[in-house]
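Below is one structure; the comments refer to it alone.
Values in this document were obtained by computation on a predicted structure and should not be read as measured data. This chain uses plain numbering: 1 for the first residue, then up along the sequence.
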Amino acid sequence: MSEDPFAAVLARIAGEARQTNLRRADHLEEALSRLSEGRLDEEGRQRAVRAAHQLAGSAGTFGHQRAGELARRIEQFLAAPQQPTTVAEALAVVAECRSELAQG
């Protein structure tokens with residue numbers, strides 16, 4: 001019995017989205033590290049907010065609900081970094097998000 005071509009295309013797209021989302025998590029980790037060092041400018045912060053937003057939407061679309069929720073937390077933190085959440089806590093959330101994505 002042959003594989004359903006639609007399922008194969010969908011699996012390929014989901015795999016590509018997963019890889020893109022893992023790269024977004026890397027970007028968020030880098031941005032948060034820069035923030036902790038006082039080296040994240042406003043443009044960089046806005047790029048990170050967009051990356052977190054994209055990760056949240058894409059992760060949810062492809063069945064990674066928990067990763068999407070975590071990405072939304074990062075997006076909220078980056079949008080208003082004066083919150084009680086620390087950068088170290090935000091970095092831990094990114095690590096958890098990456099772990100969720102890596103589970104496939």
With no hydrogens and no angle check, is any side-chain donor or acceptor of Arg34 less than 3.5 Å from a backbone partner on Arg39?
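Answer holds: yes.
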Do side-chain atoms of Ser99 reach the backbone of Ala95 as a donor and acceptor pair under 3.5 angstrom?
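A pair under 3.5 Å: no.
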To the closest 0.5 Å, what do you measure between [atom1] ([X]) and [atom2] ([Y])?
| X | Y | atom1 | atom2 | answer |
| --- | --- | --- | --- | --- |
| Cys97 | Arg24 | SG | CZ | 11.0 Å |
| Leu101 | Leu55 | CG | CG | 5.5 Å |
| Ser36 | Leu91 | OG | CG | 6.5 Å |
| Leu78 | Gln46 | CG | CD | 9.5 Å |

Qualifying salt bridge (Lys or Arg N to Asp or Glu O under 4.0 Å) pairs with a residue from residues 46-55, counting only residues at least two apart or across chains
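Those involving residues 46-55 are Glu43-Arg47.
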Polar side chain donor-acceptor pair, Gln65 to Glu69, under 3.5 angstrom:
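Glu69 and Gln65 do not have a side-chain donor-acceptor pair below 3.5 Å.
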Should Glu42 and Arg45 count as an ion pair when the cut-off is N to O under 4.0 Å?
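Between Arg45 and Glu42 there is a salt bridge, with a charged N closer than 4.0 Å to a carboxylate O.
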Pair Glu75-His53, side-chain hydrogen bond (donor to acceptor under 3.5 Å, both in side chains): steps then yes or no:
CA-CA 6 Å; Glu75 179 184 9; His53 182 80; 3.0 Å; yes
Test log, rule side chain to side chain contact (heavy atoms under 4.5 Å, CB included), inputs Arg98 and Glu29:
CA-CA 10 Å; Arg98 182 183 290 110; Glu29 184 176 58; 3.4 Å; yes
Begin from the C-alpha positions of Arg66 and Glu100 and carry the test side chain to side chain contact (heavy atoms under 4.5 Å, CB included) through to its verdict.
CA-CA 7 Å; Arg66 177 73 179 140; Glu100 289 287 327; 3.6 Å; yes
What heavy-atom pair brings Ala48 and Ala31 nearest, and what distance separates the two atoms?
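Scanning both residues completely, I find the closest heavy atoms to be CB-CB, 3.7 Å.
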Give the C-alpha distance, both sets of side-chain angles, the deciding distance and a yes or no for side-chain hydrogen bond (donor to acceptor under 3.5 Å, both in side chains) between Arg18 and Asn21.
CA-CA 5 Å; Arg18 184 174 157 271; Asn21 286 335; over 6 Å; no
Positive for side-chain contact (heavy atoms from CB on, under 4.5 Å) with Phe77, one of Leu28, Thr86, Val49, Leu32
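Testing Phe77 for a side-chain contact (heavy atoms from CB on, under 4.5 Å) against Leu28, Thr86, Val49, Leu32 leaves exactly one candidate, Leu32.
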Taking side chain to side chain contact (heavy atoms under 4.5 Å, CB included) as the definition, give me every residue that meets it alongside Arg23, ordered by chain and number, with sequence neighbours left out.
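With neighbours one apart ignored, the set is Gln19, Thr20.
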